[in-house]
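A short write-up of the structure that comes next.
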Amino acid sequence: MLRTRVLPRCHSSPLVLRGLRGTARWKHGTPVEDSHVDVPFRIPLIDFSAFRTASSLSERRRVADDIVDGFKEVGFIYLTGHGIQPDVIENVYKKSAEFFKLPQHIKDRVAWDDPRANRGYVKVGRERVTQSSDAEEIAALRKKAPDAKETMEIGRDWDPVWRNKWPEETDVPGFKDTMLRFFQTCHELHTIVMRSIALGLDLQEDFFENKICQQSHNLRLLSYPPIPVRLLSEEGQARAGVHSDYGTLTLLFQDSVGGLEVQNPRAQHFQPAPPIPGTVVINTGDLLARWSNDTLRSTLHRVVAPSTSKISNTDIPEGLTPARQSIAFFCNPNFDAVIESLPACVSASNPSKYPPVTTEQYIVRRLAETYD
């Protein structure tokens with residue numbers, strides 16, 4: 001039975017990090033604390049197995065509340081007990097590395113070429129993620145400080161219009177099969193996490209189900225080649241610039257190198273979100289923030305040079321960062337879904353902040369602004 005509340009979850013009290021007062025059920029947060037403000041800033045670590053294996057609604061609701069609190073207060077969570085086996089993730093890393101090691105001319109055969117498709121290989125320097133929507137400003141940023149990464153973008157393979165761009169099987173044996181299986185695995189995790197969010201927002205558990213069922217997602221393989229540390233210290237330069245993500249959620253799988261930084265929503269400066277073995281980092285995207293009328297935060301983040309200790313403990317030449325791999329699964333609503341503020345998240349004192357928009361309209365616009 002759902003617990004009664006005076007107000008719906010969307011109408012929350014002023015921001016309080018409950019997990020730091022000993023009352024929340026978060027296992028723990030990252031060791032990073034924000035020393036610039038009175039209340040430490042931590043990304044909560046939540047054991048999702050309690051939701052996946054719960055035998056009662058009340059058990060699921062307890063975990064759902066923790067997840068929604070994490071997204072309201074920080075915009076990011078670490079999820080353990082997510083059900084994706086380590087060997088599955090390691091095999092995706094392996095095949096990803098094999099692809100990025102191919103000669104440049106072979107990778108260029110499957111180059112990304114259309115924001116509506118959002119599929120294919122993106123070479124180093126072609127993308128510049130940013131919050132700007134001004135074409136000239138983005139072009140200047142891309143010229144001055146392009147993102148120091150290369151990616152491979154994969155969508156649903158049964159799309160009636162847009163086809164994935166696969167390398168030849170002889171070039172990377174098992175690549176296509178590995179990525180399609182992982183795509184489906186991530187979609188299934190996305191679906192169940194969205195169930196928990198629905199519960200935590202006082203909605204029916206299956207509220208989002210028919211709005212995210214078309215698998216309009218994007219599996220992104222990322223390779224960050226070694227780069228001179230001095231370049232990443234220059235103004236505006238990063239392995240991936242400051243940005244928010246576009247969809248409902250992002251599932252991020254990090255290697256041990258690190259470099260992800262999350263902006264403290266109060267102090268506005270960036271703090272590391274170090275890798276925690278066995279976890280998936282999950283953050284709220286813009287469309288879920290819009291759906292919730294900003295009850296859930298779409299928090300800015302970036303990828304920078306790893307810590308000095310990571311650099312000093314590698315065998316690469318002095319002055320270079322270590323190579324970094326990550327896997328991001330950008331979860332999206334159905335492309336024809338209309339995203340508008342949920343009624344429970346709107347009131348006379350908190351009117352809707354955004355006009356309705358379809359998933360396709362929003363994401364295609366943001367992608368078109370990002371790429372050269």
Donor-acceptor pair, [X] side chain versus [Y] backbone, under 3.5 Å?
X    : Y    : result
K107 : P103 : no
N218 : F330 : no
Q361 : T358 : yes
R119 : R156 : yes
N293 : C345 : yes
R324 : S223 : no
E59  : S55  : yes
D255 : Q325 : yes
R220 : I327 : no
S292 : L288 : yes

Between [Y] and [X], is there a side-chain donor-acceptor contact under 3.5 Å, judged purely by atom types and distance?
X    : Y    : answer
T191 : E188 : no
N264 : Q271 : yes
S216 : N334 : no
T80  : D47  : no
D108 : Q104 : yes
N332 : Y246 : no
D294 : Y354 : yes
D114 : W162 : no

Taking the inter-plane angle between the rings of H187 and H190 on a 0 to 90° scale, is it parallel (under 30°), tilted (30 to 60°) or perpendicular (over 60°)?
tilted
I need the minimum non-hydrogen distance between I43 and F76, along with the two atoms involved.
CG2-O, 3.5 Å
For a quick test of reading the model, state the closest non-hydrogen atom pair linking I67 to S196 and the distance between them.
CD1-OG, 3.4 Å
Please step through salt bridge (Lys or Arg N to Asp or Glu O under 4.0 Å) for the pair E205 and R60, ending with a clear verdict.
CA-CA 10 Å; E205 190 172 343; R60 294 200 302 279; 3.0 Å; yes
With a distance cut-off below 6.0 Å to the six-membered ring centre and an angular limit of 45° from the axis, does K123 pair with Y121 as a cation-pi contact?
no
Pair H217 and F329, ring centroids less than 6.0 Å apart:
yes
Before we go on, tell me: are the rings of F270 and H301 under 6.0 Å apart, centre to centre?
no
Is [Y] paired with [X] through a side-chain N to carboxylate O contact shorter than 4.0 Å?
X    : Y    : answer
E209 : R195 : yes
E98  : K95  : yes
R109 : E168 : no
E261 : R302 : yes
D286 : R290 : no
K165 : D113 : yes

Verdict with reasoning, D159 to R163, per salt bridge (Lys or Arg N to Asp or Glu O under 4.0 Å)
CA-CA 7 Å; D159 192 276; R163 302 299 182 187; over 6 Å; no
Is the shortest side-chain heavy-atom distance between N164 and F183 below 4.5 Å?
no
Sort out for me which residue in Y78, F182, Y93 forms a ring pair (Phe, Tyr, Trp, His ring centres under 6.0 Å) with F253.
F182
